[in-house]
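Bear in mind the structure is a predicted one, so any value in this text is a computation, not a measurement.
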Amino acid sequence: MVLTAIDADVIKTYVELGLGIGIVAMMAYDPKRDTHLRAMDASHLFEPSTTRIGIRKNSYLRGYTYEFIEMSRPPHRKVVDDAMHTKG
């Protein structure tokens with residue numbers, strides 16, 4: 001049987017209930033909070049993936065937008081501003 005869930009906490013709950021094993025991103029595993037679970041590196045089973053964030057050039061970005069981008073990959077704010085205001 002295979003179960004799927006969008007939310008990592010749901011997957012971890014399935015595992016906690018004894019329904020099998022779960023595969024989640026390492027960022028979803030907190031060793032201090034998830035003491036009832038054991039993490040194993042399975043990165044060799046999956047190809048790397050790239051996430052992209054699209055932003056319209058020359059638009060005004062609010063502070064929380066920069067914070068969201070920095071959560072994904074911490075660029076310097078100037079890097080984002082320069083990329084948004086280049087021609088091409």
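In the hydrophobic cluster analysis, where Ile, Leu, Val, Met, Phe, Trp and Tyr join through side-chain heavy atoms closer than 4.5 angstrom, I11 is grouped apart from F46. Cluster membership for L17 and V10, using ILVMFWY side-chain heavy atoms within less than 4.5 angstrom, is shared. F68 and Y64 fall into different hydrophobic clusters, defined by Ile, Leu, Val, Met, Phe, Trp and Tyr side-chain heavy atoms under 4.5 Å apart, directly or through other members. No chain of hydrophobic side-chain contacts below 4.5 Å, direct or via other Ile, Leu, Val, Met, Phe, Trp or Tyr residues, connects I23 to L3. In this structure, L37 is a member of the same hydrophobic cluster as M26, with clusters built from ILVMFWY side-chain heavy atoms closer than 4.5 Å.
K12 places a side-chain N or O within 3.5 Å of a backbone atom of A28 that can act as its donor or acceptor partner.
For the pair I69/I55, a side-chain contact is recorded, criterion being any heavy-atom separation below 4.5 Å from C-beta on.
Atom OG1 in T13 sits 7.0 Å away from atom NE2 in H36 (nearest 0.5 Å). Taking OG1 of T35 as the reference point, atom CG of D30 lies at 9.5 Å (rounded to 0.5 Å).
Listed by chain and number, the residues in a salt bridge (Lys or Arg N to Asp or Glu O under 4.0 Å) with R62 amount to none (sequence neighbours excluded).
Taking each heavy atom of A8 and V24 in turn, the nearest pair found is CB-CG1, 4.0 Å.
Under 3.5 Å, the side chains of D81 and Y66 contain a donor-acceptor pair of N or O atoms.
With respect to R33 and D9, a salt bridge is recorded, a charged nitrogen being found less than 4.0 Å from a carboxylate O.
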